[in-house]
Amino acid sequence: MTSLFKDRIEASVILGAVAVALLFTIATKGLWLQNLPSLLILTAGVGIVAIGQAVLMTSGEVDLSVGSVYAFSGVGFIWFMGQTGDVALAAILAVAVASLIGALNGALTTWFHVPSMIVTMGGMFVYRGCVYLMTAGHSLSTPRPLRDSAVIEMLGGRTAGVSHSILILLVVMVAAVFMLARTRLGNHIFSVGGEPQSAAANGISPARVKIIAFSLCSSLAALAAVVAVCREGTIYATSGKLMELETIAAAVIGGCTLRGGIGSAWGAVLGVFVLSSLKGGLMMMGAPTSWYVAFVGLILIGFLVSSRLVNGRLN
Amino acid sequence: MNLQSIPVAEKAGAAASRPIIRVEAVEKAFGAFRALKGVSLDVYPGEVHALLGDNGAGKSTLIRILSGFFRQTAGRLLVDGREAHFRSPRDATEAGVGTVYQDLALNPLLTVSRNFFMGRELTVGPEFLGILDMEQMDRIALAEMRKIGANLTDPRQKVGTMSGGQRQTLAIARAIYFGAKVLILDEPTSALGQKQQLEVLKTIMRVRARGDIAIIFITHNEIHSKLVADRFTFLSLGEVIGSGTREDLEGEDIRRLMAGGAEINDLARELQAAALGA
Amino acid sequence: MHRSLTPPAESIAILGCLGLFVTFAAILPTVWLDNVPTLLRDISWLGLIAIGQAMLITSGEFDLSVGSVFGFTALVFVLMLQLGLGAPASFLVAMAVALGIGALNGVLSWVFGLPSLLVTLGFLFVYRGLIQFFTGGFPISIPETVRESGLILFLSGTSFGLHNSILICAAVLAVATFTLGRTRFGAHLLSVGGDLNAAKACGVPVAATKIRTFMICSGLAGLAGIVAVSKLSAVTATSGEGLEFEAIAAAVIGGCSLRGGVGSAWGALLGVATLMSLKAGLILMGVNMFIYQLLLGAVLVGLIAIKGVFPMLREAK
Ligand SMILES: Nc1ncnc2c1ncn2[C@@H]1O[C@H](COP(=O)(O)OP(=O)(O)O)[C@@H](O)[C@H]1O
Ligand SMILES: [Mg+2]
């Protein structure tokens, strides 16, 4: 038990998730449990993106543009649907474009040796600007004739009351956990995070691995957007705002560090669950959304400080 | 503890007849500055070859050429009698020149077996999926480490929890397993405590005992070099100022050459003069 | 390469702001020249922030929270005025808050050893959340009664036809340039940004230097917020949003190395002049502001690429 729990980087997020669930269930006398389905959908949306962020942070980089790429891909998905009339093709194109965006972020960061946060901050403004231009500051919706298509039903529908978003999140999570723990790519991601020189000395190209991680992160943001558009039918000019903070905070709560070399995909998903629970709880308590914004920021910092105090692992 | 009591095995005799690496009049210039001015040396299998010299003598530069980081400006490099042109560290590794760097190229956050196979992972199933063969990797890493004397039990131990000596052993075992015929150790004892230093020297002797691997041992420590080395090369300001087997060189010679060729008496006299002058 | 053959790190900013100024003056002759005083005022506001950010980047750190600190300090200033504290006292309280914020950033980064990018990202949202909470959708205004007070009149007024904020910015520029070039603190700042380990080895007080630089950065962002709100009279939920990015972009245009150790205050100010000229020109031409945002991102990314590709322009490190 102790060895299973004590040394796990996910230990605190497990505790956090349990504590939040208990707290809200007791505080609302069980009412909170009825909220769980919508809470899980909320978790699914951000969770898919957080997995990408966690993988990227494990490789030692961060992406501030995920929220803008999310919105941009949603808009792109709808635009491609209108152009091609084919939902599946449009989804593939949207994800492909996002993977190129990620590769560009990675190339700029690794080739020119600049902090990824600054590079992706540039991307954050560029793609958000594009989204505002393409939505004229409002929103875009799935073209009417395609709304009942099988692919949209498959990605955005529900089975036995369970939203497919949640199932997709689970599939992505399992795949990511396996990839990190049991594949060569995962091994390389851990290797280049934290100790890029030693990875390079062993014939692993840190640039190549990081570019792949960036690409994966952006692709997952696009996948999340495609799923959201299939479910909701609409993407807004402001969709995905705050997502960079939420995903980074979730990844950090879930065990990642900014230096890399440490990370967990399912820890990040649990991190999103904690944040979404707080968001839902604050909303139920009638608190303004500004509280949530401030809270997530505080949680990120508080968590960094406390884990620093608990052990010297975070450098 | 008496360091002198570690036995130095007799030289592997006939096996050492042909050098595995021959450095012929190698020069290296950085712009107008010549860091190496025609260095030659031979390294034989089953031998420990100590490369000695003061800071700035050019040891690291020579090592970087041997391990494929730099290309020499002039001169030849022969590996197993054939001329070698290393364009990258990878080329050198493939030709059998394994370098254990001062930082060891280990990731402290990862396990022993993952470090052992870093960049050369064993996989099962379809190649493009790259699914790791963990059991095989654990088994080999453990066995290889034990062969050269590491008392390791758990291949999933994090490298960050190992001692400096154990890490050296890991890096050396890794280089040998992946085909190093020449092992270059860049100041492996410099950052360690007494006991750990002894561990590393023991490891070096175990590798030497195999008889098929040549070891280039770079050090500042005269005692260490005398304990394990069969052959010595002294560099000073980019030139070889002395070389020979341990029989050729008397203790005094070694000390004099370590000091860059100046007689220790000269140094004493200079110091005396400086003290008086001040 | 010989020193005189290397273009100064600030050359892009010099060319950029001259080029844009001349171009817009040619395209929009009358409106452009009429707009120059406002342009200079805008330059002075963002300039204060960018000078602080440039010093911080030169010391090898980043502050992503300056936009929120700009708004939050202005908010504190206005709230204090509303409480009837009087302009000078409110100014001091607000500046103390801003400096405290900077000290907190510095302490978390250099005593706790946390990455400053993450810490300040967290605070970006903490202070923004607080601003949103207090403004709650309604702007918070400076009470009518104190608008005539001497300090606020000075901060928002003009002398010799120039906004006083320009004088303030010029004074800060002079002090910052002197500090970087001619003081021990400036030498320490450059050394910790250039090679941290070397600086440590030489006994430079790394933590103290970094913490002070964080305080300068937050303090200047706060000062900019107070100066701006004195003119605009109200704080809104979005006051200062996105300024962190404009400030970093300006610093990079102005020759700061993202790896630290190279940078100047006047370069950052020229970077600001470049960005503000671009923005003003686009506004006067009736172009959508999102195009500016898009260009801003593209300029930053493009500069990173250019600096990487042409070693001529790369920081002499
Ligand atoms: N990349 C380089 N560029 C310029 N000079 C170098 C470079 N590497 C080494 N040198 C110079 O070459 C000389 C030999 O250095 P090095 O091989 O590191 O010596 P050692 O390892 O014996 O102390 C030194 O004077 C050093 O300054
Ligand atoms: Mg050396």
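A note on names: the letters A, B, ... follow the listed sequences, proteins ahead of strands, and every chain is numbered from 1.
- Separating the CD1 atom in C/I304 from the CD1 atom in A/I118 is a distance of 7.5 Å, to the nearest 0.5 Å.
- The shortest non-hydrogen separation linking A/L304 to C/L114 is O-CD2, 3.6 Å.
- Atom CG of residue C/L121 and atom CG of residue A/L64 lie 6.0 Å apart, to the nearest 0.5 angstrom.
- Close approach to chain A, defined as a heavy atom under 4.5 Å from one of its heavy atoms, is seen in C/N288, C/F290, C/I291, C/Q293, C/L294, C/G297, C/A298 of residues 286-299 of chain C, taken by number.
- Between A/F112 and C/A305, the shortest heavy-atom distance links the atoms CE1-CA, 3.4 Å.
- For chain A, the nearby parts of C/L117 are the backbone and the side chain; heavy atoms of each come within less than 4.5 Å.
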Q: Mind running side chain to side chain contact (heavy atoms under 4.5 Å, CB included) on C/F125 and A/E244 for me, showing each step along the way?
A: CA-CA 11 Å; C/F125 290 96; A/E244 64 287 337; 3.7 Å; yes
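- Both the backbone and the side chain of A/V119 come within contact range of chain C, judged by heavy atoms closer than 4.5 Å.
- Heavy-atom distances place both the backbone and the side chain of A/L298 under 4.5 Å from chain C.
- Using a 4.5 Å cut-off between heavy atoms, A/V252 contacts chain C through its side chain alone, with no backbone atom that close.
- Nearest heavy-atom pair across A/H113 and C/R259 is O-NE, 3.3 Å.
- For the set C/G136, C/A249, C/G129, C/A237, the count of heavy-atom pairs under 4.5 angstrom toward chain A peaks at C/G129.
- Taking chain C as the reference chain and counting heavy-atom pairs below 4.5 Å, the highest number among A/V114, A/L133, A/L108, A/L245 is found for A/L245.
- Between chain C and the residues A/P115, A/A107, A/A249, the most heavy-atom pairs under 4.5 angstrom are made by A/P115.
- Top candidate by heavy-atom pairs under 4.5 Å with chain A, chosen from C/L64, C/I131, C/L118, is C/L118.
- In this structure, no portion of C/Y127 lies under 4.5 Å from any heavy atom of chain A.
- What you find for C/L130 and A/A294 is that their closest heavy atoms are N-CB, 4.5 Å.
- For A/W111, no part sits under 4.5 Å from any heavy atom of chain C, backbone or side chain.
- The shortest heavy-atom contact between A/G122 and C/V301 is CA-CG2, 4.2 Å.
- Counting non-hydrogen atoms of neighbouring residues, nucleotides and ligands closer than 6.0 angstrom, the CZ atom of A/F295 reaches no more than 12 such neighbours.
- Within the model, atoms CD1 of A/I301 and CZ of C/F112 stand 12.0 Å from one another, a figure rounded to the nearest 0.5 Å.
- Ranked by non-hydrogen atom pairs under 4.5 Å with chain C, the options A/G297, A/G129, A/G123, A/A287 are led by A/G297.
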